[in-house]
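Here's the structure, in structure tokens; my notes come after.
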There are 2 protein chains.
Amino acid sequence: MNTTEQKQESSAPKRQRMAPDERRAHILNAAQSLFFAHGWDNVTIADVLTQAGISKGGFYHHFTAKEDLLDGIVQHFTGEALKTAQAVRAAAKGGALDRFNAFLAETNRWKVQQGAQLKFFIDMMLRPGNEMLSHRITASVDAIALPVLHDIISHGVDEGAFDVPDINLVAGTIIAMSHDRRKALQSAVQTAQEGDIAEATTRLNDRMTAEAALMDRMLGLPQGSILLSKPSDYRLMLEAIVHA
Amino acid sequence: MNTTEQKQESSAPKRQRMAPDERRAHILNAAQSLFFAHGWDNVTIADVLTQAGISKGGFYHHFTAKEDLLDGIVQHFTGEALKTAQAVRAAAKGGALDRFNAFLAETNRWKVQQGAQLKFFIDMMLRPGNEMLSHRITASVDAIALPVLHDIISHGVDEGAFDVPDINLVAGTIIAMSHDRRKALQSAVQTAQEGDIAEATTRLNDRMTAEAALMDRMLGLPQGSILLSKPSDYRLMLEAIVHA
DNA sequence: CACCTACATACCGACCGTCGGTTTGTATGA
DNA sequence: TCATACAAACCGACGGTCGGTATGTAGGTG
């Protein structure tokens, strides 16, 4: 960070008192945007201070260290994921397969809706210097998604609908596969931004179709049980990302 | 790092000239042991200097920044992996399935042989503050392992022996699964160190058996094709780790 | 007034990387 | 063989930056 920036509020650098939670969230927002944009190491506490419009003392009144910002950001990030996951679980009815497909469809819907933010996160996570951010967010998402998936699979096994060698292994592997998707997604976004949205949609859809087929096999289901191929959704998603 | 250490070579702190490669390797070794033991952020350049017995100027003659050490370490680390992978590829004969099983067996043999070092690496990679190390090493290993796996699978598909939805996806997912194994391995090592080697061996073998079954499915093979269950090997490995 | 909390400012120590200079090896040529 | 010249290895003090602390102050509340 070397942005020689001089925010000169004409006359009043008056401090303005805020409620602790409010101030905390305010600082966290400022920090998040900076970290996501420039990377962990390239953003200094001072940068966060100016962005948030607070002094060092004020900052250290609410946080104990730079790393605290990380925890705050990760919690906020995974909190959103948690909300969605829980809503989906509550809404899903029917057999284990139906529930799983509902879960996947909702996740997709959420991703389409997020659009721009999604790309933002992906770019951020793949940016050099953001390994720590990326790692922690991944770990937190795992912590949330694993039990949910485990539960769904476990119910499926009990029903006799699924047949897996090991529930934890399959759940973990599915999640790992979805993490690995980030690179493919980024490359598709790249293609889309270069104008070839059709090609990007195709590639993304192919990937998702293959993932669905792999999940079928992992869960011991007949081919075509898991539904992930929704070209229209992916096209919408890519368009949302490009027009952001 | 606060290890107040005073290595007092009785009389002669004479600097001794070394060949560039030798000196580089020397520094790299010192840095690696320190980083692995204490974590990336907790080791300063000064620590590396004292450990390697060189001055700051000398250091920056061979390296341009602290991060250069990372690259050096990662290259050294993955160089070993590369050697093994290449040896395996050269040695493997027969059909695609045989070649793959040979590949897996050799990897296992290598792990048994490494023993203590393996545990060292696992602990290091799971230690907080080592996210960057861990991430880069994982990425490098991926870069080496992916084309090898892709090649093996691709040959298998050509032979009609394998049947996969997408070669890259399956290769990536298998590797992701094996990365995910680290946590399970660490927990097994924990159990083994607490004395219950039998239990640890069982758990590890169960995991590997499940992984083999999953691979069978991913590759479109009849169950029992991929061979990973070798309790004796795992017992040896755990014993080697415990007695280190 | 007493007191607590939100916030500000001055300051500290640690650390990374630079720079001018010194030592040591090695090629060259008479 | 030995002097000369050049290159490469090496040194250690210093500057600037950054995370974190110590100390002070304003405003609200009882």
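By convention in this document, chain letters (A, B, ...) are assigned in the order of the sequence lines, proteins followed by strands, and residues within each chain are numbered from 1.
- With rounding to whole Å, Asp21(A) atom CG is found 14 Å from dT5(C) atom C1'.
- At least one side-chain heavy atom of Leu69(A) sits under 4.5 Å from a side-chain heavy atom of Phe59(A).
- Side-chain nitrogen and oxygen atoms of Arg23(A) include at least one within less than 4.0 Å of the OP1 or OP2 phosphate oxygen of dC7(C).
- A straight line from CG of Leu49(A) to P of dA8(C) spans 9 Å, rounded to a whole angstrom.
- Remark: Lys66(B) qualifies as a cation-pi partner of Trp40(B) under the 6.0 Å distance and 45° angle criteria applied to the six-membered ring.
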Is there a side-chain contact (heavy atoms from CB on, under 4.5 Å) between Asp47(B) and Thr44(B)? Walk through the geometry before answering.
CA-CA 5 Å; Asp47(B) 293 329; Thr44(B) 70; 3.2 Å; yes
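- Of the listed nucleotides (dA6(C), dG19(D), dA9(D)), dA6(C) has the atom at the smallest distance from the side chain of His62(A).
- Between the OH atom of Tyr60(B) and the P atom of dG12(D) there is a distance of 16 Å, rounded to whole Å.
- Distance CG (Asp47(A)) to C1' (dG19(D)): 13 Å, rounded to an integer number of Å.
- Atom CD1 in Ile45(A) sits roughly 21 Å away from atom P in dC11(C) (whole-Å rounding).
- Counting to the nearest Å, the P atom of dT18(C) and the CZ atom of Phe59(B) are 11 Å from each other.
- Side chains of Arg207(A) and Ser187(A): a donor-acceptor N/O pair is absent below 3.5 angstrom, by distance only.
- Within the 4.5 Å cutoff, no side-chain heavy atoms of Asp233(B) are placed close to those of Arg109(B).
- For the segment residues 63-72 of chain B, the set of residues with a heavy atom within less than 4.0 Å of an atom of DNA chain C comprises Ala65(B), Lys66(B), in numerical order.
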Take Asn29(B) and His76(B) through the side-chain hydrogen bond (donor to acceptor under 3.5 Å, both in side chains) test and state the conclusion after the steps.
CA-CA 10 Å; Asn29(B) 274 342; His76(B) 178 264; 5.4 Å; no
Assess whether side-chain contact (heavy atoms from CB on, under 4.5 Å) is satisfied between Val48(B) and Ile27(B), documenting all intermediate values.
CA-CA 7 Å; Val48(B) 176; Ile27(B) 296 175; 4.1 Å; yes
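- One atom, CG of Asp41(A), and another, C1' of dC16(C), lie 13 Å apart when rounded to the nearest Å.
- Summary of the strand contacts: Lys56(A) and His61(A) both lie near DNA chain C, and taking for each the nucleotide with the nearest heavy atom, the more 5' one is attributed to His61(A).
- Between Met18(B) atom CE and dG25(C) atom C1' the separation is 15 Å, expressed in whole Å.
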